[in-house]
Student: 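Structure in structure tokens, see below.
Being a predicted model, the structure only gives us computed values, none of them experimental. Convention: sequence-line order gives letters A, B, ...; per-chain numbering from 1.
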Protein chains: 4
Amino acid sequence: MNLQALIEDIRQQVLPFYGQGRVADYIPALASVAPHQFGFAIHTLDGQQFACGDADTPFSMQSISKAFMLALTLQADGETLWRHVGKEPSGNPFNSLVQLEYEHGIPRNPFINAGALVVTDRAISHFGDAHRHLLHWLRQETGNPRLDADPVIAASEREHGDRNAALAHFMKSYGNIEHAVQTVLEQYFDSCSIALTCRELARAGLFLANHGVSPLTGERYLSRSQAKQVNAVMLTCGTYDAAGEFAYRVGLPVKSGVGGGLLAVIPGKMSIAVWSPQLDSRGNSVLGLEALDRFTTQTGLSIF
Amino acid sequence: MNLQALIEDIRQQVLPFYGQGRVADYIPALASVAPHQFGFAIHTLDGQQFACGDADTPFSMQSISKAFMLALTLQADGETLWRHVGKEPSGNPFNSLVQLEYEHGIPRNPFINAGALVVTDRAISHFGDAHRHLLHWLRQETGNPRLDADPVIAASEREHGDRNAALAHFMKSYGNIEHAVQTVLEQYFDSCSIALTCRELARAGLFLANHGVSPLTGERYLSRSQAKQVNAVMLTCGTYDAAGEFAYRVGLPVKSGVGGGLLAVIPGKMSIAVWSPQLDSRGNSVLGLEALDRFTTQTGLSIF
Amino acid sequence: MNLQALIEDIRQQVLPFYGQGRVADYIPALASVAPHQFGFAIHTLDGQQFACGDADTPFSMQSISKAFMLALTLQADGETLWRHVGKEPSGNPFNSLVQLEYEHGIPRNPFINAGALVVTDRAISHFGDAHRHLLHWLRQETGNPRLDADPVIAASEREHGDRNAALAHFMKSYGNIEHAVQTVLEQYFDSCSIALTCRELARAGLFLANHGVSPLTGERYLSRSQAKQVNAVMLTCGTYDAAGEFAYRVGLPVKSGVGGGLLAVIPGKMSIAVWSPQLDSRGNSVLGLEALDRFTTQTGLSIF
Amino acid sequence: MNLQALIEDIRQQVLPFYGQGRVADYIPALASVAPHQFGFAIHTLDGQQFACGDADTPFSMQSISKAFMLALTLQADGETLWRHVGKEPSGNPFNSLVQLEYEHGIPRNPFINAGALVVTDRAISHFGDAHRHLLHWLRQETGNPRLDADPVIAASEREHGDRNAALAHFMKSYGNIEHAVQTVLEQYFDSCSIALTCRELARAGLFLANHGVSPLTGERYLSRSQAKQVNAVMLTCGTYDAAGEFAYRVGLPVKSGVGGGLLAVIPGKMSIAVWSPQLDSRGNSVLGLEALDRFTTQTGLSIF
């Protein structure tokens, strides 16, 4: 199969979907991103790279950072982590807070905001500065030493951070946040604000496709079992309230962000990054989902 | 790999878990099942069979019937089905009813009770007698013409069916149940009461591992895409409120029932049935989960 | 104070509110009521009567019947009744079902539908035919032997009764409904379908203003303490999700129905009935609330 | 009726209830209060005073301060206040957060914590230092210039304030908190920490019994209509999740606090303060409820 031709063809198929979604507007800094952009990048375990469109334009990781922070923290914290956060899908959006109350401050999974705050709190216990640790790791894996958080985005997050502050205080009232709420929020916002390109994102995700070992550096970041676990959590919880839809249409572990990026993993084969800023009503990239759906349908590469 | 030796070894490993769960007691007829039983059966796409323990003892399918009813109805109803039922995980147990209210009578997925009632209602529209249709299909696939619903179980279900009646009436108030509530309930209870063995269950599940085509009869029951979809729904919604736990530990599409049975699918390879009646707090077989966890860990056969 | 002049004046003040609400349309039989009608009737404990507008036009009691069924059942059942139903306001409309689940099938109060079904079930235990018993009592108190349920309304209720059937089955699954769901529903729908006039309603409510004794017949229906209790439940739970609004604006125990009727009680003084079919978004008569608000403001007769 | 003899008799009747409740322990400073204390004080509109037991021992107002803060803010803010907070009972305890989400950051009433935080926020807009304003007013009405917040209690509240911080941040995310969360919390905690005696509390509540005018100073604090409104909100929302129970048993507007205090109002007649630190499961004083129940039953002074 000629993957380069395929992704270029898919790009043509999905461009007509421009206009069917809306750029994230919950913070002003994201709302100003040019909407008609689309990047696609693939990195295979044997070192091949394919890319098209805006695959070299940096975008804001947003929630995709949660997958990497989870991996790094799971490596350090081991099974202890799961005393602080669950690994079940969260169901409806409207019950995030009542769920926290019902389950005594333990968030349902590491990819809802409450769960990511808990993971960040655990990461601070292990790494001191969790954001610095993640940034250092990403620079190393992507080979881009200038990778960094976008200060404008980070400031905008902080300014509109009351809902995350509410979650953190609420969990702290149950004893499930160890560090100061302010510290946890700062590092969480900084990590979400890291900007990278599709090509870089696909590189960074390779270890998840390779059972925990980076094929670039040969370094093991997760045990085989832990890599399976992170992929499983991505599949069941990685795309907000559309995990069922993604499993059904794409059939791969995927983590999405409201910056419009998507990281997908084909265990044993490759890592895929797609980006397009317009989002559907559930916060996932419209063109991104269309592109991944076509990719797995046309290659037959779904895990199912 | 010697699968026969492996499953016999796994059986020895999990027998010590006897006593850590409890036989389902929500209806008297199930509560009287002998608790210390364990069966394991594998059927590969190339026709090999492996079995051990109580693999030839019939047990009550219960919710595992939902997976087959879904497949048969999806074949007949196509995408229309998804206007009546969602395909997202359901989150917490406590919100099933509030979810139905919040989403105007559309159940979140076909494997919660409300969703299975809707699927049965759709099946009645297509097949007239949905239970008969399913039973006929199962007899054909398992090659056992005497397969049938257990009338004692079915009567017991009916007698304790007020909660399902509540769900059906509630959905009918939203116009999402077409047929008489009484009819839908009868056929739903009958289907849940079908008894079969591990060996038979593994045979019946083969088409899901074989992209929609039964390797036994050569008949296509689902398109390749639909088979992927059913597997995806099994993975994200197939084990009550423990879908995340199963994805994390087992990493396969699984459908469980409170009779203690589990059907697992390895796409492209094989179908697996495990049964042991003692359940954990979330309604899944204790020894069943332990056995599947060991099986995928020791074979490396997870989809992740 | 000239009450006759006052209520005629109030009628003029509230007629401009015609058109600000909508006639109940959840069953066809109610939707066809002429919208521009307004009746007002007062009956004092010393036997004076005042009425104006359409005070002699019969309308459907709907939920107002719940107050009388509660009184008759409380008389027969005593404190036992409160093991089956609570007496706290219900909060938001959206949580009626989740509340039932959270509180194990015990409805929060006798005036939400679930609670009224439980009261009817208890009434059947005491009176056999609960509806007949209530009807007989109302005929006696109003002095109108032809008072009856409207068969068209009752049939329409039955036809659209799936939501109430859901509630009844759900409570039966918790053991909180003793009789057959079908029987309870029939009698509940019949009682809701009783038609009477404002003048008759004011007469029927007199015993609640007179600490439990009918000033017309001299008969004691409730102990002084029980009469206080029914009034308290009316004030805190009598007007759907607007109990706070009614307490705040009207300051009297009130029971409303979606037929547009309102029964208000001034302990020690009088009973008041208002009727006008157009409802606000919370199911209470628009002109009825306006009229009661003006009446208590202009007479200073609030209990606060 | 000899009220002095009556309340002394009631005191003897309720002392056996010592031990049936537990002193509030959510903050250490409250947990150390001696449990076996009981005070009762009455102040009539015509100037008579009756008191017994520990009526001169200061206790922590806690949520009773919410009634006074509401009155002062309603006077300043008028109907505008009700754009920021509702006036309906809150239903179940478990849904406070989901309710805030469902109703877009508008708390259901001024007496749940979220609502009191909003009232404090509005009070800051009008008075600058809301706590100082309330304290000044209380000093004047009670005639005790040394009345003050207990700094140990206030510090303890602050230290365990994460849940209130969560509520405030959550409402701020909806734009329903104007001032800095930190400022609102400080003033809210300080007001809750004010210590006074039963005798002082009964004096301070007199204007609510006298239709808005203090009979001590002759000053009007609320319009007649506003006084009715505050009493109505106390009756429907003043005693946490037991408003229905209090209406049913006591039949008076009451505001309670977890310090064990209760303020009850008999419109047109008198103001009553009871205090005893042991609380029932819903946070109301056990002996306080028993005493008020007996008082209204034996005097027949209920509003119903």
Side-chain angles (χ1 to χ4, degrees), chain A residues 82 85-96 98-103 108-112 208-209 211 224-253 265-268 282 293 296-297 300-304, chain B residues 82 85-96 98-103 108-112 208-209 211 224-253 265-268 282 293 296-297 300-304:
Chain A
W82 304 115
V85 61
K87 45 187 177 285
E88 295 300 329
S90 65
N92 303 27
F94 75 99
N95 68 6
S96 54
V98 76
Q99 180 269 324
L100 269 185
E101 198 158 10
Y102 191 77
E103 299 183 342
R108 255 185 113 62
N109 68 61
F111 292 158
I112 55 175
L208 291 173
H211 305 301
R224 185 182 182 96
S225 183
Q226 287 173 328
K228 170 179 114 174
Q229 292 162 358
V230 172
N231 287 337
V233 178
M234 283 172 66
L235 189 120
T236 54
C237 317
T239 46
Y240 308 109
D241 304 305
E245 181 82 10
F246 269 78
Y248 183 90
R249 289 181 58 186
V250 176
L252 292 179
V265 169
I266 307 185
R282 298 196 275 197
D293 180 355
T296 57
T297 301
L301 282 172
S302 151
I303 59 174
F304 298 115
Chain B
W82 304 115
V85 59
K87 43 187 179 283
E88 294 300 328
S90 66
N92 303 26
F94 75 98
N95 67 8
S96 54
V98 76
Q99 180 268 323
L100 268 186
E101 198 157 11
Y102 190 77
E103 299 183 342
R108 254 184 115 61
N109 67 62
F111 292 158
I112 55 175
L208 291 173
H211 305 302
R224 186 182 182 96
S225 183
Q226 286 173 328
K228 170 180 115 174
Q229 292 162 359
V230 173
N231 287 336
V233 178
M234 284 173 67
L235 188 121
T236 53
C237 317
T239 47
Y240 308 109
D241 304 305
E245 182 81 10
F246 269 78
Y248 183 90
R249 289 181 58 187
V250 177
L252 291 178
V265 169
I266 309 187
R282 297 195 275 196
D293 181 354
T296 56
T297 302
L301 281 172
S302 151
I303 59 175
F304 298 116

Student: Would you confirm whether A:K228, through its side chain, and B:R249, through its main-chain N or O, come within 3.5 Å as a donor-acceptor pair?
Tutor: yes
Student: Looking only at heavy atoms, what is the nearest atom pair of B:G244 and A:P89, with distance?
Tutor: N-CD, 4.0 Å
Student: Under 4.5 Å, counting heavy-atom pairs only, tell me which of B:A243, B:C237, B:G251 racks up the most with chain A.
Tutor: B:A243
Student: Mind checking the OG-OH spacing from A:S225 to B:Y248? Nearest 0.5 Å is all I need.
Tutor: 7.0 Å
Student: Which value, rounded to the nearest 0.5 Å, describes the distance between B:E88 atom CD and A:E245 atom CD?
Tutor: 6.5 Å
Student: Which one wins on heavy-atom pair count under 4.5 Å against chain A: B:G300, B:A209, B:A242?
Tutor: B:A242
Student: Should we count CZ of A:R224 as having more than 12 external heavy atoms under 6.0 Å?
Tutor: no
Student: At a heavy-atom distance under 4.5 Å, which candidate from B:T236, B:L252, B:L235 has the highest pair count against chain A?
Tutor: B:L235
Student: Please round to the nearest 0.5 Å and tell me the distance separating atom CZ of B:F304 and atom CD1 of A:I266.
Tutor: 13.0 Å
